[in-house]
Number of protein chains: 4
Amino acid sequence: MTDSHSFFLEGYIIDNTKRERILQSAISVFSEQGLEKTKVADIVKQAGIAQGTFYLYFHSKYALIPSIAEKLLDDILNIMDERVAAEQPFDKKIDAIVDATFDITAEYKDVLALCYSGLSLSGALQEWEKIYEPYYRWMDHLLEDAVEKQEIRPGIRIRITSKMLIGVMEESAEQVYLFDEQYNDSTEYREELKLFIVQGLK
Amino acid sequence: MTDSHSFFLEGYIIDNTKRERILQSAISVFSEQGLEKTKVADIVKQAGIAQGTFYLYFHSKYALIPSIAEKLLDDILNIMDERVAAEQPFDKKIDAIVDATFDITAEYKDVLALCYSGLSLSGALQEWEKIYEPYYRWMDHLLEDAVEKQEIRPGIRIRITSKMLIGVMEESAEQVYLFDEQYNDSTEYREELKLFIVQGLK
Amino acid sequence: MTDSHSFFLEGYIIDNTKRERILQSAISVFSEQGLEKTKVADIVKQAGIAQGTFYLYFHSKYALIPSIAEKLLDDILNIMDERVAAEQPFDKKIDAIVDATFDITAEYKDVLALCYSGLSLSGALQEWEKIYEPYYRWMDHLLEDAVEKQEIRPGIRIRITSKMLIGVMEESAEQVYLFDEQYNDSTEYREELKLFIVQGLK
Amino acid sequence: MTDSHSFFLEGYIIDNTKRERILQSAISVFSEQGLEKTKVADIVKQAGIAQGTFYLYFHSKYALIPSIAEKLLDDILNIMDERVAAEQPFDKKIDAIVDATFDITAEYKDVLALCYSGLSLSGALQEWEKIYEPYYRWMDHLLEDAVEKQEIRPGIRIRITSKMLIGVMEESAEQVYLFDEQYNDSTEYREELKLFIVQGLK
DNA sequence: TATGAATGAGCCTTCATTCAT
DNA sequence: CATGAATGAAGGCTCATTCAT
């Protein structure tokens, strides 16, 4: 017994699957019902676990938000890396980034919204900045590269511009997918935005 | 009872003072405590009225939001009109608008935040668009005028650009005043943004 | 309407009946089920009020205890005053007090027990002393009077003895009514105690 | 598995150490936090064992109390035996017993309190009497001896008096160490009590 | 219109206990 | 014997809304 036990102890792993299941379930339920209206009971039901088990992994309902936000940002960065080839000229890159942002926003709009409101509810807006940091850095590199290649104006303040770009793009995509009732003009919006950005950085 | 009631009906005047007091109180309490944490009890206490009286003027806690939003937008438009002289060249106007946006955001940041989250909670994001309509229109005029005077590029899609501009400006100001812990770089942020916009519309 | 309203307003009284009903109900339910096992739901059900109403009068379940304790002590003092005539010789007074203590303990044993454990749970044992103060004072007077009449030894420390007397009497009565399974020897216990006290103070 | 088990069975020894560790831990945690607020989790953490292991030794949280009470009484009796020499005159013995009671109460006050409330919660107050039985008997002997030596009055009811004495002493000590905020008058209290007892038994 | 006491549904969290390993 | 993750029942408290006066 001791032997076989210690055998299992060697391979003993804290059940990350369960944590993942909770997270997935939370994203789905939050997206449907919103943050406040969601009961922990709903999350655990969908996750197929007991009420109490939830609190082994997250100490409260709101403690889910940062984890969800990190997951989200991870996805964003992966998609960006996939879609934006390093050898393209700057304006092609902007095209790709804007399109990616719109597509991501369309798909993740509920999660995005819940991250915003979730973090503002918990009062931890700086938390959000910390989570976004890798994305800012990614954009920094892209801009630095463009400055080097003289594709955009030289004196530009990198970090501020990174934030500004990410801001406009997300704002615009939200305009289209969250606020407007009709989605039809997404193409025009994208075009106008791409032009505006490329022009604005010259 | 009916008599005295009808008596008052003769001189019936909607008690704007009381409605106004509720609104003011709501803004102040919401700003401090956030939307969800604010109890109707808090609002009425500060307004100096009874719990039940609240429901004579607003049918629910969330019904306050649109009214608050309208009030906010009204203030914004007034400030813009004050600060942006019609005879200036376009880039001076942008300077003024950007500065105004930052200043307004600094002052109204809590109210802005609560309007966003409030309207998203009530699911009525289109409501928000309706309220912003006058602001969009105001910006439309400004852009049309600039196109006419050949201060910006001709083919520009007016409404999309209006939304985009308002979006970047508010986004950026929120970056500075809500997300960043240090406010010191507001000037640099403003400069970079002004340049970006003027350039982006050329 | 206004008239009739102001008429009622004149006679407007905060519903002390309801507070009393809650207290009565709490005593009865606590006595049956004990402090911890009692649900607020039980109390309000027996009181015939809504769950929320409870919290208009007491801010938590445990906030009931001091009020109950005060009520109890009030009863004790009234009974003592009733039963102990001022003109009796000291040993007759002790007889009366001992008997009263035993009778009261028999009747109120559950309430007594809940007050002890309730106040110790809330950590406010000094609170209990404050509530008992009038009883101590009552006993002080009795002893001072006896000293004056040379019925007990002169150098006695009044307050300490008051506490000691009340202590033994309550302890003994609890022995009989709470700890022992058979109540038959109550008489013998009383006799022994009376003798012990009278002798002890000589 | 079975093999290794039977292997251990050969040298099978009930792990008194672990049971003891649980008991020690329980006493310490109960004393700090009280009975209800103490979680089994707290006990096992301090005992350095797993949650489930607890239930191998005690079938519930409350099952700890009698064991703790027994331990306590054992200590009390040992101290009494140590301090009270058989050859002393009765009043010297009372002096020693009163002092011992006060000292024990000062040291064990939390444990005492938890035994009282613990046994009353479990409804098993008679249990407490059973545990106290050896103490009562010890006192019986002392009184019988004193009667024989004509140090106290002859007709005294032994058992009742034993209970009464133990009661007053513990009550008084608790008064001083649990209820009063200032401990300074312990000496006076002790003196008064000694006199009262010696006198009361004459 | 105004009041504010009363309502009661609703939900988060705790924690004693179990059981598969 | 030992483990500790998992369970899920249970309950205190909140607060938006109502309604009798």
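These numbers come from a predicted model, not from an experiment. Order of the sequence lines sets the chain letters (A, B, ...), proteins ahead of strands, with each chain counted from 1.
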**Message:** By nearest heavy atom, map C:Lys61 and D:Leu56 onto DNA chain F; which one lands nearer the 5' end?
**Reply:** D:Leu56

**Asked** Once you round it to whole Å, what is the distance between P of E:dT14 and CD of D:Glu36?
**Response** 17 Å

**Message:** Could you go through B:Val44 and B:Thr53, starting from their C-alpha distance and side-chain angles, then the distance that decides it, and tell me whether this counts as side chain to side chain contact (heavy atoms under 4.5 Å, CB included)?
**Reply:** CA-CA 8 Å; B:Val44 298; B:Thr53 308; over 6 Å; no

**Message:** Both A:Thr38 and B:Gly52 contact DNA chain E. Which one's nearest nucleotide lies toward the 5' end?
**Reply:** B:Gly52

**Fill in**
Between A:His59 and D:His59, whichever has its closest DNA chain E nucleotide further toward 5' is A:His59

Distance-only donor-acceptor hits, side chain of residues 26-34 of chain B, under 3.5 Å, sequence neighbours excluded:
| from | atom 1 | to | atom 2 | distance (Å) |
| --- | --- | --- | --- | --- |
| B:Ser28 | OG | B:Gln46 | OE1 | 2.5 |
| B:Ser31 | OG | B:Ile27 | O | 2.7 |

**Message:** Assess the residue pair D:Ile65 and D:Leu35 against the criterion (side chain to side chain contact (heavy atoms under 4.5 Å, CB included)); give the C-alpha distance rounded to whole Å, side-chain angles, the decisive distance to 0.1 Å, and a yes or no.
**Reply:** CA-CA 9 Å; D:Ile65 306 294; D:Leu35 199 55; 3.5 Å; yes

**Asked** Roughly, in whole Å, what's the span from CG in A:Leu64 to C1' in E:dC12?
**Response** 13 Å

**Message:** Just the rounded figure in Å: distance from P of E:dT13 to CD1 of A:Ile22.
**Reply:** 14 Å

**Message:** Given E:dT13, F:dC13, F:dT17, identify the nucleotide with an atom nearest to the side chain of A:Ser60.
**Reply:** E:dT13

**Request:** Determine the minimum heavy-atom distance between A:Ser25 and A:Ala47, stating which atoms define it.
**Result:** OG-N, 3.6 Å

**Asked** Between B:Ile43 and B:Leu64, is any pair of side-chain heavy atoms under 4.5 Å apart?
**Response** yes

**Asked** Looking at residues 42-49 of chain C, who's got a heavy atom less than 4.0 Å off DNA chain E?
**Response** C:Ile49

**Message:** By nearest atom, which of the nucleotides E:dG8, F:dA16, E:dT17 is closest to the C:Gln51 side chain?
**Reply:** E:dG8

**Message:** My understanding is that only residues two or more places apart in sequence, or in another chain, count here; which of them pass salt bridge (charged side-chain N to carboxylate O under 4.0 Å, His left out) with D:Lys71?
**Reply:** D:Glu20

**Request:** Could you state the atom-to-atom distance from CZ of D:Phe54 to C1' of E:dC15 in whole Å?
**Result:** 13 Å

**Request:** Look at the side-chain N and O atoms of D:Tyr57 and state whether any lies under 4.0 Å from the OP1 or OP2 oxygen of F:dA2.
**Result:** yes

**Prompt:** Rounded to the nearest Å, what distance is computed from the CZ atom of residue D:Arg19 to the C1' atom of nucleotide F:dA2?
**Reply:** 18 Å

**Fill in**
Stems with DNA chain E, 3 or more Watson-Crick or G-U pairs in a row (under 3.5 Å), are E:2-21 with F:2-21

**Prompt:** Considering all heavy atoms of both residues, which atom of B:Ile49 and which atom of B:Phe54 are nearest to each other, and what is their separation?
**Reply:** CD1-N, 4.0 Å

**Item:** Under the side-chain contact (heavy atoms from CB on, under 4.5 Å) test, residues paired with A:Ser67 that sit two or more places apart
**Value:** A:Arg19, A:Leu23, A:Phe58

**Message:** Can you work out whether D:Ala50 or C:Lys39 has the more 5'-proximal nearest nucleotide on DNA chain F?
**Reply:** D:Ala50

**Complete:** Rounded to whole Å, NZ of D:Lys37 lies from P of E:dA16 at a distance of 14 Å

**Request:** Would you mind reading off the distance between D:Tyr55 atom OH and E:dT18 atom P, rounded to a whole angstrom?
**Result:** 7 Å

**Asked** Does a side-chain N or O from D:Lys18 land closer than 4.0 Å to OP1 or OP2 of F:dA2, or not?
**Response** yes

**Fill in**
Residue pairs meeting salt bridge (Lys or Arg N to Asp or Glu O under 4.0 Å), one or both in residues 42-67 of chain B, sequence neighbours left out, come to none

**Prompt:** Just how far is it from atom CD1 of A:Ile68 to atom CG of A:Leu73, taken to the nearest 0.5 Å?
**Reply:** 14.0 Å

